[in-house]
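Structure first, commentary second.
Because the structure is a prediction, the values reported are computed rather than measured. Every chain is numbered from 1, with letters handed out A, B, ... down the list of sequences.
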Amino acid sequence: MSAGIVRETVHSTLQKALKDAKTAGDLELTTLPALVLDVPKKSAWGDLATTVAMNLSVSERRAPMEIAQIISKHLLPAHSDVLARADVAPPGYINLTVKRDLWFRVLAEIETQGEQYGRSTLGLGKRVLLEFVSANPTGPLHMGHGRGAAVGGALANLLRHVSYDVSTEYYINDAGRQVRLMAASVTAVNNQTSLPEDGYQGAYIHDLAKQLRAFPQPVPNVAHWACARLLEGIKADLQAFNITFDRWFSEQKELFDSGAVDQALNVLRQQGYLFEQDGALWFRSTAFGDDKDRVVKKQDGEYTYLASDIAYHLSKLKREPQYDLLINVWGADHHGYIPRMQAAVEAFGYPKDRLKVILVQIVNLLRGGQRVTMSKRAGEMVTVREVFEEVGADAAKFIFLTRRADSQLDFDLELAKQQSAENPVYYVQYAHARVASLFRVARERGIDVPVTGSVDWSVLNSPDDLDLIKPLAEYPALLEASAQALEPHRLTYYLQDLAGRLHAYYYKHRILPPVLERELDSQDHLKPVAQEADQGRKGEVLTPALTAARLCLFRVVQTVIRNGLGILGVTAPERM
RNA sequence: GCGCCUGUAGCUCAGUGGAUAGAGCAUCAGCCUCCGGAGCUGAGGGCCACAGGUUCAAAUCCUGUCAGGCGCACCA
């Protein structure tokens with residue numbers, strides 16, 4: 001695990017203090033509690049705080065404040081190289097202030113680890129199968145699919161970043177009624193007959209009809225052919241979105257043609273969870289807490305969607321080596337399916353939490369605050385492709401990730417295109433580009449961006465410096481927490497905050513010495529003005545050492561922004 | 001009717017049982033001789049839907065009520 005160097009150091013320091021307190025007989029500590037470190041809400045309360053004294057109060061049968069005093073007594077003297085202060089605050093907090101040098105070690109660590117910074121061993125040895133998008137090949141991807149793609153893609157990156165072994169998969173519903181309906185709709189257009197009931201409409205159906213008419217060879221199976229065309233489009237869209245899948249799983253080929261559906265149902269039958277009634281075949285999902293039993297094979301002999309989904313999940317469960325966790329990203333309107341799918345997982349003998357479902361809520365498309373109306377019935381859907389073309393994949397992804405997945409999202413096309421601070425993606429990308437720009441200017445003037453080893457950090461002695469450094473130290477812990485909660489949106493919030501801190505610092509402090517006279521020195525570099533004349537804002541004197549340290553600080557901030565954007569699947573531009 | 005989700009600043013939303021609940025937008029008031037103003041600073045704004053309960057401690061957990069969304073097919 002890596003929760004970052006500061007947290008780990010403080011954690012082990014705290015652990016040792018508790019042990020010392022026990023050895024000294026000051027505390028009983030029959031059980032060692034989990035040591036949780038929180039970042040206090042106010043910086044005046046220190047850098048990290050623990051509530052362990054309050055948690056111990058019952059088992060120690062003492063007042064929390066008293067316990068906090070004891071712990072802090074053992075905390076300070078022996079470990080003065082880590083902590084500057086350990087304050088006790090009512091009703092029993094221990095507020096820890098970290099020595100400045102420890103913060104500076106974070107900067108060196110980021111530089112050393114580069115794009116590896118933030119990795120941890122949290123998920124080491126654990127295999128995860130992440131299924132997402134899985135849109136039916138009956139039409140182009142719409143906004144909801146786009147959001148699912150953004151969430152799934154970011155989640156895959158995030159989990160991999162903390163060492164989970166992640167496989168991504170797209171389930172292609174290329175069998176069954178919907179596909180037949182779509183094909184029938186295409187045929188109806190070509191035959192100029194009326195659409196089937198619940199048939200598909202929209203421009204793409206007419207496009208397909210036209211393509212079909214122009215197809216050089218006769219097409220024996222329109223459904224198969226149309227699915228393939230639509231799947232090509234879906235794949236192209238996802239490629240434009242830079243979302244990749246390790247496996248495309250075909251319902252038709254891998255479940256029906258292979259006989260896997262029958263096999264899966266046979267397993268259920270052997271376990272006694274299958275029964276016949278009213279001429280249909282049922283899965284006894286109520287045995288596992290579902291509201292009602294579910295039909296898997298209809299009176300007409302056709303399998304339901306659930307039957308293939310059961311078979312699909314059995315296939316996922318049985319893969320070798322086994323997955324420790326199956327994650328499905330579903331549209332929120334499918335939430336009613338969770339109990340029956342988990343019932344199937346249990347029926348197959350696995351714990352039901354082997355399957356976790358992330359529900360993605362709908363996206364309301366706006367333009368300049370006005371709702372863009374869509375009618376699914378008439379086939380008037382705004383496709384993800386249209387949105388990418390209008391606002392770009394970066395903006396789309398970032399905005400999709402600005403809310404919790406299960407919270408509805410307003411997506412404003414005008415805002416997404418806007419290149420201002422109101423658009424969160426530009427705000428964050430701009431922070432990255434701004435550092436890149438600063439380095440370009442530095443290079444022009446012959447000022448090197450130094451490596452951390454050669455920097456005198458002690459010049460970074462203002463609270464503003466720590467405001468920028470502290471979130472960098474929190475980054476690994478943030479990734480772990482986001483991964484554990486399966487919530488990539490936390491990272492977007494983090495990045496907005498970090499970018500904001502960079503912008504504020506940049507505005508407040510000068511990094512490079514200003515050039516007052518546009519003179520060139522002997523090496524054709526712009527000549528910096530004399531130091532004495534160089535008064536920055538707030539009367540700050542900018543020394544070369546300060547320039548060096550701040551450049552270095554900015555570079556590691558840039559690294560973290562780039563890493564974070566990378567996990568979200570968003571590019572980190574050098575200029576904008 | 002039953003189930004799931006959601007009620008947090010004017011709006012959109014963060015907030016893994018811990019301190020005086022935060023951000024962006026909007027509103028108002030400020031900030032460009034100099035590294036990208038695509039930016040920054042400040043102010044106002046809250047019975048965390050409501051009522052009980054658990055706990056040393058609740059926006060967070062439990063129960064109920066109210067409001068909104070979604071689902072309740074031998075559709076997917």
> Given atom NE2 of A:H489 and atom P of B:rU16, what is their separation to the nearest angstrom?
Replying inline: 8 Å
> When you match A:K292 and A:E302 each to their closest nucleotide on RNA chain B, which lands nearer the 5' end?
Replying inline: A:K292
> Which part of the nucleic acid does A:D278 contact within heavy-atom distance under 4.0 Å: base, sugar-phosphate only, or nothing?
Replying inline: base
> What residues form a side chain to side chain donor-acceptor pair (under 3.5 Å) with A:Y505, not counting sequence neighbours?
Replying inline: A:D465, A:R550
>> Give me the distance, rounded to whole Å, that separates B:rA43 from B:rG22 when you measure between the P atoms they each carry.
In response: 13 Å
> Expressed in whole Å, how much space separates the P atoms belonging to B:rG24 and B:rC34?
Replying inline: 27 Å
> What is the minimum heavy-atom distance between A:A175 and A:E251, and which atoms define it?
Replying inline: N-OE1, 3.3 Å
> By a strict heavy-atom criterion of less than 4.0 Å, which residues belonging to residues 43-51 of chain A are in contact with RNA chain B?
Replying inline: A:W45, A:A49, A:T51
> So A:Q361 and A:S407, side chain to side chain donor-acceptor pair (under 3.5 Å) or not? Walk me through it.
Replying inline: CA-CA 6 Å; A:Q361 268 289 359; A:S407 165; over 6 Å; no
> Rounded to whole angstrom units, what separation is found between the CD atom of A:E474 and the P atom of B:rA14?
Replying inline: 21 Å
> Taking atom C1' of B:rC13 as reference, at what distance in whole Å does atom CZ of A:F411 sit?
Replying inline: 16 Å
Side-chain donor-acceptor contacts of residues 41-49 of chain A below 3.5 Å, not counting sequence neighbours, with atom names and distances?
from: A:D47; atom 1: OD1; to: A:K470; atom 2: NZ; distance (Å): 2.6
from: A:D47; atom 1: OD2; to: A:V98; atom 2: N; distance (Å): 2.7

> Taking atom P in both B:rG15 and B:rU8, what distance in whole Å separates the two?
Replying inline: 14 Å
> Heavy atoms under 4.0 Å, any strand shown: does A:D300 hit a base, just sugar-phosphate, or nothing?
Replying inline: nothing
>> Just to be sure I understand the rule, does A:S407 reach a base, reach only the sugar-phosphate, or reach nothing, if contact means heavy atoms closer than 4.0 Å?
In response: sugar-phosphate
> Within this structure, what is the CG-to-C1' distance between A:D410 and B:rC13, rounded to whole angstrom?
Replying inline: 10 Å
> Which residue pairs satisfy the salt bridge (Lys or Arg N to Asp or Glu O under 4.0 Å) criterion with at least one member in residues 395-408 of chain A, sequence neighbours excluded?
Replying inline: A:R404-A:D406
Where do N or O atoms of nucleotides 1-9 of chain B meet protein N or O atoms at under 3.5 Å, pair by pair?
from: B:rG3; atom 1: N2; to: A:H335; atom 2: NE2; distance (Å): 2.7

> Below 6.0 angstrom between ring centroids: does that apply to A:F554 and A:F439?
Replying inline: no
> Quick one: CG on A:D410 to CD on A:Q408, what's the gap to the nearest 0.5 Å?
Replying inline: 8.0 Å
> Which heavy-atom pair separates A:L122 from A:E480 by the least distance, and what is that distance?
Replying inline: CD2-O, 3.8 Å
> Base, sugar-phosphate alone, or nothing: which one does A:Y305 contact when heavy atoms must sit under 4.0 Å apart?
Replying inline: base
>> Strictly below 4.0 Å, N to O, side chains only: are A:R177 and A:E302 in salt-bridge contact?
In response: no
> Counting side-chain heavy atoms from C-beta on, which of B:rA14, B:rC74, B:rG15 comes nearest to A:Y493?
Replying inline: B:rA14
>> Rounding to an integer number of angstrom, what distance separates B:rU60 and B:rG53 when you compare their P atoms?
In response: 14 Å
>> Which nucleotide wins on minimum distance to the side chain of A:W282, given the candidates B:rC70, B:rG37, B:rC74?
In response: B:rC74
> Taking only residues two or more places apart in sequence or in another chain, which ones pass side chain to side chain donor-acceptor pair (under 3.5 Å) with A:E28?
Replying inline: A:R61
> When the P atoms of B:rC61 and B:rG7 are considered, how many whole Å apart are they?
Replying inline: 10 Å
> Under 30°, 30 to 60°, or over 60°: which ring-plane class applies to A:Y493 and A:H489, parallel, tilted or perpendicular?
Replying inline: perpendicular
>> Strictly below 4.0 Å, N to O, side chains only: are A:R367 and A:D412 in salt-bridge contact?
In response: no
>> Is there a side-chain contact between A:L96 and A:L37 in this structure, where contact means two heavy atoms from C-beta onward sitting under 4.5 Å apart?
In response: yes
Using a cut-off of under 3.5 Å, enumerate the N/O to N/O pairs linking the protein to nucleotides 40-45 of chain B.
from: B:rC40; atom 1: OP1; to: A:Y427; atom 2: OH; distance (Å): 2.4

>> Both atom distances under 3.5 Å, Watson-Crick or G-U wobble: I'd like the secondary structure of RNA chain B as a dot-bracket string, with | for pairs made across strands.
In response: (((((((..((((....[...)))).(((((.......))))).....(((((..]....))))))))))))....
> Which value, in whole Å, describes the distance between the C1' atoms of nucleotides B:rC62 and B:rG17?
Replying inline: 13 Å
>> Quick one, A:N328 with A:H313, criterion side chain to side chain donor-acceptor pair (under 3.5 Å). Give me CA distance, side-chain angles, the key distance, then yes/no.
In response: CA-CA 10 Å; A:N328 293 351; A:H313 282 79; 2.8 Å; yes
>> Using atom P in both nucleotides, what's the gap between B:rU54 and B:rC2 to the nearest angstrom?
In response: 27 Å
> Can you name the closest pair of heavy atoms from A:P488 and A:L155 and give their distance?
Replying inline: CD-CD1, 3.9 Å
> Heavy atom of residues 175-182 of chain A under 4.0 Å from RNA chain B: which residues?
Replying inline: A:R177, A:Q178
> Within this structure, what is the CG-to-C1' distance between A:L479 and B:rU16, rounded to whole angstrom?
Replying inline: 15 Å
>> Restricting to non-hydrogen atoms, name the atom on A:H161 and the atom on A:L479 that form the minimum distance, rounded to 0.1 Å.
In response: CD2-CD1, 3.5 Å
Just the atom pairs and distances: protein N or O near nucleotides 56-58 of chain B's N or O, under 3.5 Å.
none

> Side chain of A:L438: nearest nucleotide among B:rC74, B:rC35, B:rG69?
Replying inline: B:rC35
For residues 274-285 of chain A, tabulate all N or O donor-acceptor pairs below 3.5 Å that involve a side-chain atom, not counting sequence neighbours.
from: A:W282; atom 1: NE1; to: A:Q277; atom 2: O; distance (Å): 3.1
from: A:S285; atom 1: OG; to: A:D290; atom 2: OD2; distance (Å): 2.9
from: A:S285; atom 1: OG; to: A:K292; atom 2: O; distance (Å): 2.8

>> Measuring only the C1' atom in each nucleotide, how far is B:rC4 from B:rU20? A whole number of Å is fine.
In response: 36 Å
> Would you say the ring centroid of A:Y312 lies under 6.0 angstrom from that of A:Y171?
Replying inline: yes
>> What's A:Q484 touching, base or sugar-phosphate or nothing? Going by heavy atoms closer than 4.0 Å.
In response: nothing
>> Looking at every heavy atom in both A:L231 and A:P137, which two are closest together, and how far apart are they?
In response: CD1-CB, 4.4 Å
>> Given the structure, check if the side chain of A:N95 and the base of B:rA19 hold any donor-acceptor pair shorter than 3.5 Å.
In response: yes
>> Any base atoms under 4.0 Å from A:P339, or only sugar-phosphate, or nothing? Heavy atoms, all strands.
In response: nothing
> Whole-Å distance between B:rA73 P and A:D309 CG?
Replying inline: 17 Å
>> Using whole Å, what does the distance between atom C1' of nucleotide B:rC25 and atom CG of A:D412 come to?
In response: 12 Å
> Should the ring pair A:Y303 and A:F256 be called parallel, tilted or perpendicular, given that the plane angle runs from 0 to 90° and is split at 30 and 60?
Replying inline: tilted
> What is the distance from CD of A:Q496 to P of B:rG15, rounded to the nearest Å?
Replying inline: 13 Å
> Which residues satisfy the side chain to side chain donor-acceptor pair (under 3.5 Å) test with A:E346, sequence neighbours excluded?
Replying inline: none
